[in-house]
2 protein chains.
Amino acid sequence: MTALRNIDIDLLRSFVTIAELRSFTRAAAALSRTQSTISTQVRRLEEIAGQTLLRRSPQEVLLTRAGEDFLGYARRIVALHDEALDVVRAQGVSGRVRLAVMDDYATIVLPETLARFARSHTEVELEVTTGFTRDLMNALGEEFDLVLATQRAGDGRGEVLRTERTAWAASDRHDLSLAGPLPLALLKAPNMYREWALEALNEAGLGWRILFSSSSIGAVEAMAAAGAALTVVKAGTARPGLRLLGTEHGLPALPASEIALHLAPGRPGAAARALSSFLAEALREGRES
Amino acid sequence: MTALRNIDIDLLRSFVTIAELRSFTRAAAALSRTQSTISTQVRRLEEIAGQTLLRRSPQEVLLTRAGEDFLGYARRIVALHDEALDVVRAQGVSGRVRLAVMDDYATIVLPETLARFARSHTEVELEVTTGFTRDLMNALGEEFDLVLATQRAGDGRGEVLRTERTAWAASDRHDLSLAGPLPLALLKAPNMYREWALEALNEAGLGWRILFSSSSIGAVEAMAAAGAALTVVKAGTARPGLRLLGTEHGLPALPASEIALHLAPGRPGAAARALSSFLAEALREGRES
DNA sequence: TGGTCAAAATCGAATAATTCAATTTTGGCT
DNA sequence: AGCCAAAATTGAATTATTCGATTTTGACCA
């Protein structure tokens with residue numbers, strides 16, 4: 001029999017995730033565990049609670065009365081736990097850190113994470129700049145202490161946090177004809193994704209034309225979402241309205257990209273070290289170990 | 001390396017206990033673990049926190065700055081966790097339960113526990129009576145659904161929750177002369193401890209006289225604490241002002257006693273079952289498993 | 001009704017984490 | 001310097017957790 005008095009934070013986190021996603025399988029994917037593990041965790045949790053917390057059906061998972069009551073506690077405990085960890089880790093960390101982030105992450109993933117960092121690290125002066133990887137990397141050590149950059153998978157420089165599939169994307173409401181030169185919406189040169197896209201099309205012998213070229217990711221994606229052109233995105237940061245396309249649609253494969261954190265040479269200050277490990281933990285995929 | 005994102009509630013509980021007792025060794029005893037386990041737990045916790053939380057010295061253990069900040073969170077998380085468990089386990093439990101408790105526990109250990117039960121089990125009508133084990137047991141099934149009783153160790157009836165050493169006790173401020181008939185303060189007959197005391201003295205061939213006899217434990221203990229007489233207590237419930245004495249003082253050994261929970265025959269109601277397992281968990285010594 | 005299908009449960013084996021007992025190290029005090 | 005109580009360490013044994021493979025479940029539909 002398992003411990004009856006102490007619920008692992010893991011179990012609470014799984015429970016909260018299941019309640020949000022209404023599915024063991026989706027929760028398992030979100031938490032980088034297998035479905036069988038999640039199922040076992042729920043059994044353990046229900047055993048400790050002495051109550052059925054989730055009502056399962058092949059369609060969806062719903063909370064029981066007891067589950068609803070418990071969910072509030074579980075959320076509060078997990079939140080308090082995470083806050084405690086942020087705060088205690090921030091203890092004694094002060095100074096200034098200048099972070100540079102490539103544009104797409106600055107919109108999708110980072111705001112929430114940076115806000116959390118700022119909230120707990122009250123003695124740290126945080127300065128964030130966004131731009132294109134190429135420019136940012138050039139200024140590493142000069143203008144920036146830390147650069148979060150995209151690079152070709154396998155590059156391996158910096159601390160690699162995750163790998164993202166690169167994919168063609170078009171509007172999910174319009175069918176794009178693949179006959180004739182493909183209309184493209186791409187970031188202005190020089191840009192890695194632009195180069196990848198054009199190289200891949202050329203190698204595949206497909207015709208193309210640049211219909212839209214901008215230095216704003218938002219504008220490029222909006223253009224694609226409007227149905228006028230094809231573009232290239234990281235699979236993980238695709239905005240709603242875009243449909244991902246691949247080789248099954250007759251388009252050439254694209255190299256995967258990796259997200260890496262680059263630290264300025266020399267001994268980093270306390271603030272830079274703290275932000276670096278904070279970002280690494282928050283962004284790294286798979287499970288923490 | 002251990003998980004960096006999830007702190008086990010166990011670690012938090014140990015940390016809180018150490019902070020309160022200012023000692024790894026005492027915390028280990030209080031939590032039914034070894035000192036080495038506690039030490040390892042603290043190392044794990046500090047590794048996750050990335051900070052030294054406790055400043056150790058052979059004299060006492062003190063909190064660091066980070067430790068103080070963290071202690072508040074740890075307390076809140078543990079409290080929330082325990083409340084969550086109480087509440088979810090109480091879900092759907094209603095009805096009436098009549099509990100009888102022997103007098104000494106009614107003062108020392110139970111009030112807090114019963115208050116916790118009442119707070120979480122809002123739909124349960126709880127009635128508590130105190131008295132002497134003998135009377136209470138006679139009314140089990142009639143007036144009471146549940147009786148918490150003291151019995152001779154090894155008796156084994158009911159669900160045994162813990163064993164307590166029985167000890168002679170006298171004032172810690174006065175030296176009692178052991179020459180001549182020993183002045184005793186005891187509960188009125190019939191009472192188990194009274195019988196044990198007199199039998200033990202008789203067998204040892206020691207003289208005695210009853211100086212004070214009352215049906216109030218409080219009065220008996222007060223009399224002993226005032227230095228006028230010797231009495232007999234459970235080692236675990238001795239009030240301040242009393243000093244425990246044993247065979248090393250020339251007094252005869254006394255039988256140990258066990259605390260047991262007796263359930264009325266027949267199928268117990270939901271309220272009785274809930275209170276029963278609640279008490280068992282709260283009072284049982286050693287670790288929960 | 002019975003078949004189907006996606007999702008959850010179960011099972012056995014491998015892995016990982018926790019605990020303990022024994023011993024060593026530490027830090028303050030005399 | 002030496003002593004002592006308390007914490008740290010170490011290695012072995014135990015216990016718990018996770019995974020992959022498979023089976024079972026239950027809502028829905030023909």
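Convention: sequence-line order gives letters A, B, ...; per-chain numbering from 1. Note that the structure is a prediction, hence the values are computed from the model and not measured.
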Between C/dA17 atom P and B/I7 atom CD1, what is the distance in whole Å?
16 Å
To the nearest Å, give me how far apart CG (B/N6) and P (C/dA17) are.
12 Å
Can you give me the N/O atom pairs linking the protein to nucleotides 25-30 of chain D at distances under 3.5 Å, or say none if there are none?
unit_1	atom_1	unit_2	atom_2	d
D/dA27	O4'	A/Q59	OE1	3.4
D/dA27	O3'	A/Q59	OE1	3.4

May I ask you to say whether A/R56 pairs ionically with A/E46, meaning some side-chain N is under 4.0 Å from a carboxylate O?
yes
Interface polar pairs with nucleotides 21-25 of chain C, N/O, under 3.5 angstrom:
unit_1	atom_1	unit_2	atom_2	d
C/dA21	N6	B/S36	OG	2.9

So does B/D86 pair up with B/R119, basic N to acidic O under 4.0 Å?
no
B/T40 has a side chain; which of C/dA7, C/dT19, D/dC19 sits nearest to it?
C/dT19
Between the main-chain N or O of A/L283 and the side-chain N or O of A/R162, is there a donor-acceptor pair closer than 3.5 Å?
yes
Rounded off to whole Å, could you give me the CZ-to-P distance for the B/R44 and D/dT9 pair?
14 Å
When we call it a touch if two heavy atoms are under 4.0 Å apart, what does B/S39 touch: a base, just sugar-phosphate, or nothing?
base
A/I38 has an atom CD1; how far is it from atom P of C/dT10, in whole Å?
15 Å
From CG of B/L21 across to C1' of D/dA7 the rounded distance in Å is 15 Å
Nearest non-hydrogen partners of A/A225 and A/R239, listed with the distance
CB-NH2, 3.8 Å
Ignoring hydrogens and geometry, is there a side-chain-to-backbone donor-acceptor pair from A/E258 to A/G156 under 3.5 Å?
yes
Checking all strands, does A/V61 fall into the base, sugar-phosphate, or nothing category for heavy-atom contacts under 4.0 angstrom?
sugar-phosphate
According to ring-ring contact (aromatic ring centres under 6.0 Å, His included), who are the partners of B/H81, at least two apart in sequence or on a separate chain?
none
